[in-house]
*Asks:* 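Provided herewith is a single structure, encoded as structure tokens, for subsequent inquiry.
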Amino acid sequence: MNENKIEEIIKTYESIVKVVDKKAREDKNRSYGGIIRSIKGWLQEYMTEEIIKLAWDNIKGDAKRLEINSKKHKIPIQRIYVENIKDIEIKNYILNNIKKYYYSLSVDKQVFVDNKFVLGIECKAYTENAMLKRILVDFSLLKTSYPEINCYLFQLESQLGGDYSKLNKKTYGSYPTHTLMSYFPEVNLNIFTFLEGERKVDKPINKYFKSLNKNKIKEAVELLSFDLKRYL
């Protein structure tokens, strides 16, 4: 595993988190909270993309076969919905324009091998269960067109309850999170947390710094490596 790249990810994390508070306060053109959210969101997406590349390299995958993007996918309207519309005029109108009826959708990091969509990863600075519902719905919709994709949530911190923030080798999760996921069994969402300790609103990491352990980066790399091996 590329130790130098792992160190680079950690240094980038530290350099951004330690200065973001100062930068946000100095910027007079944007709101403080908006800047903090934007930079933290970018940071998790950056880390995730680098971890994907490390995982592919870890299993000796050819870099030319790998693509990472966040392009929109067209999720088509379901025919059964149209057939159940009672107003005949509306039903016929939709049927006559059926190709226009779709929902554009993507997740933060989409991994393709030989142009095949294989992994989808949502990247969050933190997640709580109301946010998780949206993530599960998005993946459920994507699964209608790409049933074989593996689904992940990579979060810097957790606000899901349970032991998601304890960073144990085995995670038992929380009561509400498992309950929500039980309604989307096709998604089989893998939740990975990078920073220890439940996220606290009054103690953000830009003011109360949390270290990023290199072993957590390695665990994430191994997790993705396992799923990507089948596409070598």
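Quick caveat: nothing in here was measured; it's all calculated off a predicted structure. Positions are given from 1, in the same order as the sequence printed here. These values consider heavy atoms only, across backbone and side chains, with no hydrogens, waters or symmetry-generated copies.
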*Asks:* Just checking, any donor-acceptor pair under 3.5 angstrom between side chains of Thr171 and Asp163?
*Replies:* no

*Asks:* Give a yes or no on this: more than 12 heavy atoms of other residues, nucleotides or ligands lie within 6.0 Å of atom CZ of Arg134.
*Replies:*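 Atom CZ in Arg134 is not packed in, count stays at 12 or less.
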
*Asks:* Just checking, any donor-acceptor pair under 3.5 angstrom between side chains of Lys40 and Asn206?
*Replies:*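 Short answer, yes.
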
*Asks:* Which residue in the set Val17, Ile16, Ile10, Thr12 passes side-chain contact (heavy atoms from CB on, under 4.5 Å) when paired with Glu14?
*Replies:* Ile10

*Asks:* Hey, are Lys5 and Glu8 close enough for a salt bridge, meaning a charged N less than 4.0 Å from a carboxylate O?
*Replies:* yes

*Asks:* State which residue, out of Asn97, Asn92, Ile90, fulfils the side-chain contact (heavy atoms from CB on, under 4.5 Å) condition with Ile94.
*Replies:*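 Among the candidates, only Ile90 passes.
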
*Asks:* So for atom CG, which belongs to Asn115, do other residues, nucleotides or ligands contribute more than 12 heavy atoms lying within a distance under 6.0 Å?
*Replies:*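 No, because the 6.0 Å sphere around CG of Asn115 holds 12 heavy atoms or fewer from other groups.
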
*Asks:* Does the side chain of Tyr46 come within less than 4.5 Å of Ile9's, by heavy atoms?
*Replies:*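 Yes, close enough: below the 4.5 Å cut-off.
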
*Asks:* Applying the side-chain hydrogen bond (donor to acceptor under 3.5 Å, both in side chains) test to Thr127, which of Gln159, Gln155, Glu122 qualifies?
*Replies:*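 So the option named by the test is Gln155.
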
*Asks:* Less than 4.5 Å apart, side chain to side chain, heavy atoms only: is that true for Lys72 and Leu105?
*Replies:* no

*Asks:* Just by distance, do the side chain of Trp56 and the backbone of Asp62 share a donor-acceptor pair under 3.5 Å?
*Replies:* yes

*Asks:* Mind checking whether Leu66 and Tyr152 sit in one hydrophobic cluster, side chains of I, L, V, M, F, W, Y counted as touching below 4.5 Å?
*Replies:* yes

*Asks:* I need the Asp114 CG to Lys64 NZ distance, nearest 0.5 Å.
*Replies:* 13.0 Å

*Asks:* Under a 4.5 Å side-chain heavy-atom rule over Ile, Leu, Val, Met, Phe, Trp and Tyr, are Phe139 and Ile52 clustered together?
*Replies:* no

*Asks:* How long is the span from the OH atom in Tyr93 to the OH atom in Tyr101, to the nearest 0.5 Å?
*Replies:* 5.0 Å

*Asks:* Applying side-chain contact (heavy atoms from CB on, under 4.5 Å) to Leu189 and Leu132, what does each step give before you reach the verdict?
*Replies:* CA-CA 10 Å; Leu189 184 65; Leu132 183 71; 3.6 Å; yes

*Asks:* Taking ring-ring contact (aromatic ring centres under 6.0 Å, His included) as the definition, give me every residue that meets it alongside Tyr126, ordered by chain and number, with sequence neighbours left out.
*Replies:*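 If we apply the ring-ring contact (aromatic ring centres under 6.0 Å, His included) test to Tyr126, skipping adjacent residues, there are no hits.
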
*Asks:* Is it true that the side chains of Glu67 and Asn69 contain a donor and an acceptor less than 3.5 Å apart?
*Replies:*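 Present: a donor and an acceptor within the cut-off.
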
*Asks:* Between Leu167 and Asn215, does a side-chain contact (heavy atoms from CB on, under 4.5 Å) hold up when you go through it step by step?
*Replies:* CA-CA 10 Å; Leu167 311 191; Asn215 288 331; over 6 Å; no

*Asks:* Relative to Tyr102, does Lys74 satisfy both conditions: NZ or CZ under 6.0 angstrom from the six-membered ring centre, and within 45 degrees of the ring's axis?
*Replies:*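 Yes - Lys74 lies over the ring of Tyr102, closer than 6.0 Å to its centre and within 45° of its axis.
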
*Asks:* With clusters defined by side-chain heavy atoms of hydrophobic residues (ILVMFWY) lying less than 4.5 Å apart, directly or transitively, does Ile191 cluster with Val111?
*Replies:* no

*Asks:* Under 3.5 Å, is there a donor-acceptor pair linking the side chains of Ser106 and Gln110?
*Replies:* no

*Asks:* Of all heavy-atom pairs between Ser182 and Thr179, which one has the smallest distance, and what is that distance?
*Replies:*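 Result for this residue pair: OG-O, 2.5 Å.
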
*Asks:* Backbone N or O of Glu128 within a donor-acceptor pair of the Arg199 side chain at under 3.5 Å?
*Replies:* no

*Asks:* Would you check, one step at a time, whether the test side chain to side chain donor-acceptor pair (under 3.5 Å) holds for Gln44 with Thr48?
*Replies:* CA-CA 6 Å; Gln44 182 60 82; Thr48 299; 3.1 Å; yes

*Asks:* Ser145 side chain to Leu142 main-chain N or O, any donor-acceptor pair under 3.5 Å?
*Replies:* no

*Asks:* Counting only heavy atoms not in Phe209, do more than 12 fall under 6.0 Å of its CZ?
*Replies:*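 Atom CZ in Phe209 is crowded, with more than 12 foreign heavy atoms closer than 6.0 Å.
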
*Asks:* Any side-chain donor-acceptor pair under 3.5 Å between Thr177 and Asn129?
*Replies:* yes

*Asks:* Examine Ile121 and Phe117 and state if one hydrophobic cluster contains both, with Ile, Leu, Val, Met, Phe, Trp and Tyr joined whenever side-chain heavy atoms are less than 4.5 Å apart.
*Replies:*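 No; tracing contacts between hydrophobic side chains, which count when under 4.5 Å, never links both residues.
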
*Asks:* Is it true that atom CD of Gln78 has more than 12 heavy atoms of other residues, nucleotides or ligands lying nearer than 6.0 Å?
*Replies:*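 Counting neighbours around CD of Gln78, 12 or fewer heavy atoms of other residues, nucleotides or ligands fall under 6.0 Å, so no.
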
*Asks:* Return the NZ to CG distance between Lys100 and Asn96, rounded to the nearest 0.5 Å.
*Replies:*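 Here the rounded value is 10.5 Å.
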
*Asks:* Give a yes or no on whether a salt bridge exists between Lys214 and Glu3, defined as a side-chain N under 4.0 angstrom from a carboxylate O.
*Replies:*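 Looking at Lys214 and Glu3, the cut-off is met.
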
*Asks:* When you group the ILVMFWY residues by side-chain heavy-atom contacts below 4.5 Å and let the links chain together, are Val107 and Phe192 in the same group?
*Replies:* no

*Asks:* For a quick test of reading the model, state the closest non-hydrogen atom pair linking Glu49 to Lys109 and the distance between them.
*Replies:* OE1-NZ, 2.7 Å

*Asks:* What pair of heavy atoms forms the shortest contact from Lys210 to Gly197, and how long is it?
*Replies:* NZ-O, 2.8 Å

*Asks:* At what distance, to the nearest 0.5 angstrom, does CD1 of Ile80 lie from CD of Glu83?
*Replies:*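 Here the rounded value is 9.0 Å.
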
*Asks:* Is any side-chain heavy atom of Lys124 closer than 4.5 Å to one of Ile135?
*Replies:*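 Ile135 vs Lys124: side chains touch.
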
*Asks:* Evaluate Glu186 against Thr144 for side-chain contact (heavy atoms from CB on, under 4.5 Å), listing each step before the verdict.
*Replies:* CA-CA 10 Å; Glu186 73 284 357; Thr144 61; over 6 Å; no

*Asks:* Does Ser140 reach the main-chain N or O of Leu136 with its side chain, forming a donor-acceptor pair under 3.5 Å?
*Replies:* no

*Asks:* Got a second to check how far Leu195's CG is from Lys216's NZ, nearest 0.5 Å?
*Replies:*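 One finds 10.0 Å between CG of Leu195 and NZ of Lys216.
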
*Asks:* Checking Tyr146 against His73: is there a side-chain donor and acceptor pair closer than 3.5 Å?
*Replies:* yes

*Asks:* To the nearest 0.5 Å, what is the distance between NZ (Lys229) and CG (Asn58)?
*Replies:*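 Output value for this atom pair is 8.0 Å.
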
*Asks:* Show your working on side-chain contact (heavy atoms from CB on, under 4.5 Å) between Lys86 and Lys91 and close with a plain yes or no.
*Replies:* CA-CA 7 Å; Lys86 292 184 171 58; Lys91 180 192 290 187; over 6 Å; no

*Asks:* Should Lys166 and Glu198 be marked as a salt bridge (Lys or Arg N to Asp or Glu O under 4.0 Å) after you check the CA-CA gap, both sets of side-chain angles, and the distance that decides it?
*Replies:* CA-CA 8 Å; Lys166 292 185 178 178; Glu198 191 82 355; over 6 Å; no

*Asks:* What pair of heavy atoms forms the shortest contact from Leu160 to Pro176, and how long is it?
*Replies:*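 What the structure gives for the nearest pair is O-CG, 4.5 Å.
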
*Asks:* Determine the minimum heavy-atom distance between Leu232 and Gly61, stating which atoms define it.
*Replies:*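 Heavy atoms only, the tightest pair is CD2-CA, 3.8 Å.
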
*Asks:* If you look at every heavy atom in Val221 and Ala55, which pair is closest and at what distance?
*Replies:*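 Reported closest heavy-atom pair: O-CB, 3.6 Å.
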
*Asks:* Please check this pair: side chain of Asn150 against backbone of Leu119, looking for a donor-acceptor N/O pair closer than 3.5 Å.
*Replies:*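 No; zero donor-acceptor contacts below 3.5 Å.
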
*Asks:* Does the distance from a Lys or Arg side-chain N to an Asp or Glu carboxylate O, for Arg230 and Asp227, drop under 4.0 Å?
*Replies:*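 Looking at Asp227 together with Arg230, the answer is yes, because their closest N to O distance falls below 4.0 Å.
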
*Asks:* Taking NZ, NE, NH1 and NH2 as the nitrogens, is one of them in Lys200 or Glu157 under 4.0 Å from a carboxylate oxygen of the other?
*Replies:*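 No, this pair does not count.
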
